[in-house]
Amino acid sequence: MNRAHAAAERRIRARLAEIAAEEARTAADRAPVTLDQQSVGRLSRMDAMQVQAMAAAQSRRRTAERARLEAALARITDGSFGACTECGEDIAPKRLELDPGQTRCIDCACG
């Protein structure tokens, strides 16, 4: 494994740890909203439901990012990290530095 791949692996693992921490920190926000009108008013319940919906959407985005990053770790392991999945050319190092989950070079990504 070359230095660039080792650095990418460190960044990926750090981001995966951040994602896990974010998921744990926001677990309560994704919990079901109680419908007991004695303890929570209608507007408060609506606010809670909106927070729940936003937290669920963020969780879906984090899940997708986690999958992309885990796939990048697999590509590092199998030696295909940094190669475009469409044309086989190298993906620009700066592009991978910004997003190590990228699978296509800029030419293929732009179509």
Checking salt bridge (charged side-chain N to carboxylate O under 4.0 Å, His left out) for the pair R15/E22: CA distance, chi angles, key distance, verdict?
CA-CA 10 Å; R15 180 61 187 141; E22 290 169 4; 3.3 Å; yes
Pair E65 + R62, salt bridge at N-O below 4.0 Å
no
Rounded at 0.5 Å granularity, tell me how far CD in Q52 sits from CG in D47.
13.0 Å
Would you sort out whether R61 and Q58 count as a side chain to side chain contact (heavy atoms under 4.5 Å, CB included), showing the intermediate values?
CA-CA 5 Å; R61 285 191 295 275; Q58 289 173 333; 3.2 Å; yes
Could you tell me the separation between the OG1 atom of T63 and the CZ atom of R68, rounded to the nearest 0.5 Å?
12.5 Å
Verify, without hydrogens or angle tests, whether T77 (side chain) and L73 (backbone) share a donor-acceptor contact under 3.5 angstrom.
yes
How many angstroms lie between atom CD1 of I76 and atom CZ of R13, to the nearest 0.5 angstrom?
8.0 Å
Can you give the donor-acceptor pairs under 3.5 Å from side chains of residues 102-109 to other protein atoms, not counting sequence neighbours?
from: Q102; atom 1: OE1; to: R95; atom 2: NH2; distance (Å): 2.7
from: Q102; atom 1: NE2; to: D99; atom 2: OD2; distance (Å): 2.9
from: R104; atom 1: NH1; to: E86; atom 2: OE2; distance (Å): 3.0

Using only heavy-atom distances, determine whether the side chains of S59 and E23 contain a donor-acceptor pair under 3.5 Å.
yes
CD/E89: more than 12 non-hydrogen atoms of other groups inside 6.0 Å
no
Taking all non-hydrogen atoms of both residues into account, name the closest pair between P100 and L69 and its distance.
CG-CD2, 4.1 Å
What do the steps show when you test F81 against L96 for side chain to side chain contact (heavy atoms under 4.5 Å, CB included), and what is the final call?
CA-CA 9 Å; F81 181 78; L96 289 172; 4.0 Å; yes
